[in-house]
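Values in this document were obtained by computation on a predicted structure and should not be read as measured data. The chains referred to below are lettered A, B, ... by the order of the sequence lines, with proteins before strands, and numbering in each begins at 1.
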Amino acid sequence: MGSRIWAVWRKELRDALRDGRTIVAVFVVPFVLYPGLMLFMGWIESQNKKEESSLRVRVGIVGEAELPQAAERMRATPGVEVVPLTRVPDSMEQAGVDAVLTVPSAVRASIARGDSVKVELLYRDADHKSSAADGKMKPVLDDIRRALTVEWARSRGAAAEQPPAIVVEDRDVSSKAEMGRFMAALLIPYLLVFMVAAGSMHLAIDATTGEKERSTLETLLATSTPRSQLVLGKCLAVITAALTAGFIGIFGLWFNFNVLAAAMPALSSQSLQLSIRPDQALFIFVTVLPTAVFLGATLVAIGCFARSMREGQTYATYVYMASVFLGLGSFRQLGSPPIQRFAIPILNTALLQREILTDTVIPMHATVAIGTSAVMAAAMLVIATRLFSNESVLFRT
Amino acid sequence: MIEVLDLRKTFYDRKKGEVPAVRGISFTCQPGRVFGLLGRNGAGKTTTLRMLATILVPTSGTARIEGFDVNERPGEVRRRIGYLSGDTKLYDRLTGRELLQYFGALAGMPGPAVTARIHDLEGTFGLAEFLEKRVGKMSTGMKQRLSLARVVLHDPPVLIFDEPTSGLDVMGARDVLRIVQDLRSRGRTIIFSTHIMTEAERICDEIAIIERGSILAHGTVDALCSKNGGCSLEDLFVKTVEEVGVGV
């Protein structure tokens with residue numbers, strides 16, 4: 001029995017390895033394209049930040065005379081050009097400014113009376129340059145707040161000639177290794193899900209609908225190998241491709257971020273030390289296995305149902321999209337998700353992998369996630385076998 | 001031996017409703033003989049042969065291959081048949097040897113037995129020159145010889161050929177017919193469908209003319225032709241089909 005399943009598995013993989021499209025989907029895309037694109041996007045982001053810091057912005061000030069030190073501070077800020085205005089313009093574009101600082105009239109008198117005052121920076125978040133102006137003005141606004149506070153203290157008789165520098169700021173104290181673990185927990189579950197889906201897509205359709213389209217199906221059905229073994233062999237081949245794509249994808253991620261980025265100074269600022277311990281890698285493999293079986297069997301079932309490669313690939317794309325969106329569900333997950341989410345296929349695996357990578361696995365979560373995925377995988381295998389044994393599905397026109 | 005007993009097959013079409021493709025046919029094929037199933041395109045030949053090969057399940061009636069019922073023991077039936085259709089293709093990305101090894105494994109043959117059998121078939125089918133070549137790079141004739149080798153690889157006692165010469169040139173078709181005759185001489189039970197009358201005259205020991213899913217005439221070529229005033233098989237075929245009110 002087993003030897004026939006392995007014969008189908010061997011044949012499908014051999015066939016797939018001679019097909020350029022499978023090579024691209026299983027090896028090239030996960031190893032080169034996805035990690036490369038992420039690295040590239042990181043580089044683009046760092047370039048954008050550099051450009052943003054060297055960007056020159058024009059900031060208008062209304063009521064400069066009320067608070068001259070504000071204008072001085074603005075003029076001392078690199079990349080900020082101060083434009084005195086008499087009133088807030090109706091259109092910043094027409095006024096030729098990216099943001100406008102408004103200082104209310106008689107601000108000092110108001111402070112001396114102990115009234116509240118409001119200094120505003122008007123900018124448009126919908127405009128990149130205006131947003132950049134807001135960013136550059138943040139320290140200026142802090143200084144204005146401090147200057148006004150000192151002004152108020154003086155009006156109350158405080159000797160504040162040399163006020164102390166009071167710094168309130170947030171500072172990220174994560175080490176590079178910690179950031180690497182965090183990013184691994186964020187990226188790997190999501191990437192694994194869609195790499196597994198992408199890796200299995202082409203082979204699943206080729207091994208099933210492809211048999212119909214190439215007119216090899218009848219020959220196969222007339223052999224003495226039971227249909228269930230034919231389907232199992234095909235599913236195993238698809239699962240192998242899916243897991244290989246997932247493994248290659250994670251290896252590609254590690255290689256690009258830890259080796260390539262370290263070797264290329266232009267990219268090194270963006271490099272992360274993505275580290276996975278061997279025990280975590282083993283658990284991740286265990287958790288991704290039922291999902292790979294579920295996805296593989298689902299795609300094989302779709303392939304059995306589809307009349308043509310085109311139809312099969314269209315349906316498979318929907319499965320791929322669904323996987324990507326379910327995987328995305330784990331991306332923004334904060335804290336420990338409710339148990340019900342571990343019953344949703346694909347999402348449950350991504351959530352569980354995240355717990356594995358952050359060493360926060362809750363046994364009940366693991367049980368529900370693996371149990372649900374295994375049951376769903378078994379159900380899809382049964383459906384795929386039934387479809388492959390159903391002549392009205394196989395020969396439908 | 002093949003015994004077909006009141007075999008019927010009805011397909012369901014969403015627009016047309018129930019479409020009977022085979023309407024209760026019965027016949028027997030003996031070992032060492034070639035049984036020809038003659039009919040126009042759409043007459044029901046392929047559906048009949050697909051039911052015999054257990055690819056399709058009969059709506060009613062049955063057939064027995066070497067004593068095994070196609071409905072009850074499809075697995076045993078498949079072990080005992082070799083099925084070849086003119087439409088079926090091979091896997092382009094495998095070499096000839098890999099393809100035969102694959103089908104040998106699917107037939108449940110141990111690896112060494114497959115290797116030995118391929119060696120035997122190399123001579124019979126003239127495979128040596130292209131066995132290591134990928135199927136996609138083979139000529140039509142090479143592919144057909146490889147297909148025939150695949151069909152007999154597990155040495156089945158019953159062979160089902162559905163228009164095996166379809167799409168072949170004269171030389172390719174002659175090769176196929178020669179091999180079919182050779183298999184008959186080795187005592188295999190052969191059922192052979194065609195719409196080429198000269199082929200049927202040349203190799204069939206017995207024929208059945210099938211039209212609209214029913215057998216209209218059945219017997220040896222000589223007996224059927226003499227019964228109809230010594231006409232040719234082609235004339236007999238046209239006359240038989242026209243008698244049921246269907247223009248050819």
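- At a threshold of 4.5 Å between non-hydrogen side-chain atoms, the residues B/Tyr102 and A/Arg14 do not count as touching.
- When heavy atoms are compared at a cutoff of 4.5 Å, B/Tyr12 does not approach chain A at all.
- Atom CZ of A/Arg386 has 12 or fewer neighbouring heavy atoms from other residues, nucleotides or ligands inside a 6.0 Å radius.
- Rounding to the nearest 0.5 angstrom, the gap separating the OG atom in A/Ser224 from the CE atom in B/Met109 is 10.5 Å.
- With respect to chain A, the highest number of heavy-atom pairs below 4.5 Å among B/Leu56, B/Leu99, B/Ile81 belongs to B/Leu56.
- The nearest pair of heavy atoms linking B/Lys89 to A/Thr216 is O-CG2, 3.2 Å.
- Contacts of A/Leu217 with chain B are absent, with no heavy-atom separation under 4.5 Å from either backbone or side chain.
- For B/Met1, the CE atom counts as densely surrounded, since its 6.0 Å shell holds more than 12 non-hydrogen atoms of other residues, nucleotides or ligands.
- Heavy atoms of other residues, nucleotides or ligands lying less than 6.0 angstrom from CZ of A/Phe283 number 12 at most.
- The candidate from B/Ser147, B/Gly108, B/Pro156, B/Ser85 with the greatest count of non-hydrogen atom pairs under 4.5 Å with chain A is B/Gly108.
- In this structure, the portion of B/Arg134 lying under 4.5 Å from any heavy atom of chain A is its side chain and not its backbone.
- Put simply, the side chain of B/Arg78 never gets that close to the backbone of A/Ala222: no donor and acceptor are under 3.5 Å apart.
- In this structure, B/Tyr91 and A/Lys11 have side chains that are in contact, with non-hydrogen atoms separated by less than 4.5 Å.
- In this structure, the portions of B/Ile55 lying under 4.5 Å from any heavy atom of chain A include both its backbone and its side chain.
- Using a 4.0 Å cut-off between a side-chain N of Lys or Arg and a carboxylate O of Asp or Glu, B/Arg93 and A/Asp206 qualify as a salt bridge.
- Shortest non-hydrogen contact noted between A/Ala7 and B/Ala105 is CB-CB, 3.5 Å.
- Residues A/Leu220 and B/Leu106 meet the side-chain proximity criterion, which asks for heavy atoms closer than 4.5 Å.
- Listed options A/Thr225, A/Thr219, A/Val8 were ranked by heavy-atom pairs under 4.5 angstrom with chain B; first place goes to A/Thr219.
- When heavy atoms are compared at a cutoff of 4.5 Å, B/Val57 approaches chain A by way of both its backbone and its side chain.
- Taking chain B as the reference chain and counting heavy-atom pairs below 4.5 Å, the highest number among A/Glu211, A/Arg227, A/Glu218, A/Arg214 is found for A/Glu218.
- Atom CZ of A/Phe247 sits in a sparse spot, with 12 or fewer heavy atoms from other residues, nucleotides or ligands closer than 6.0 Å.
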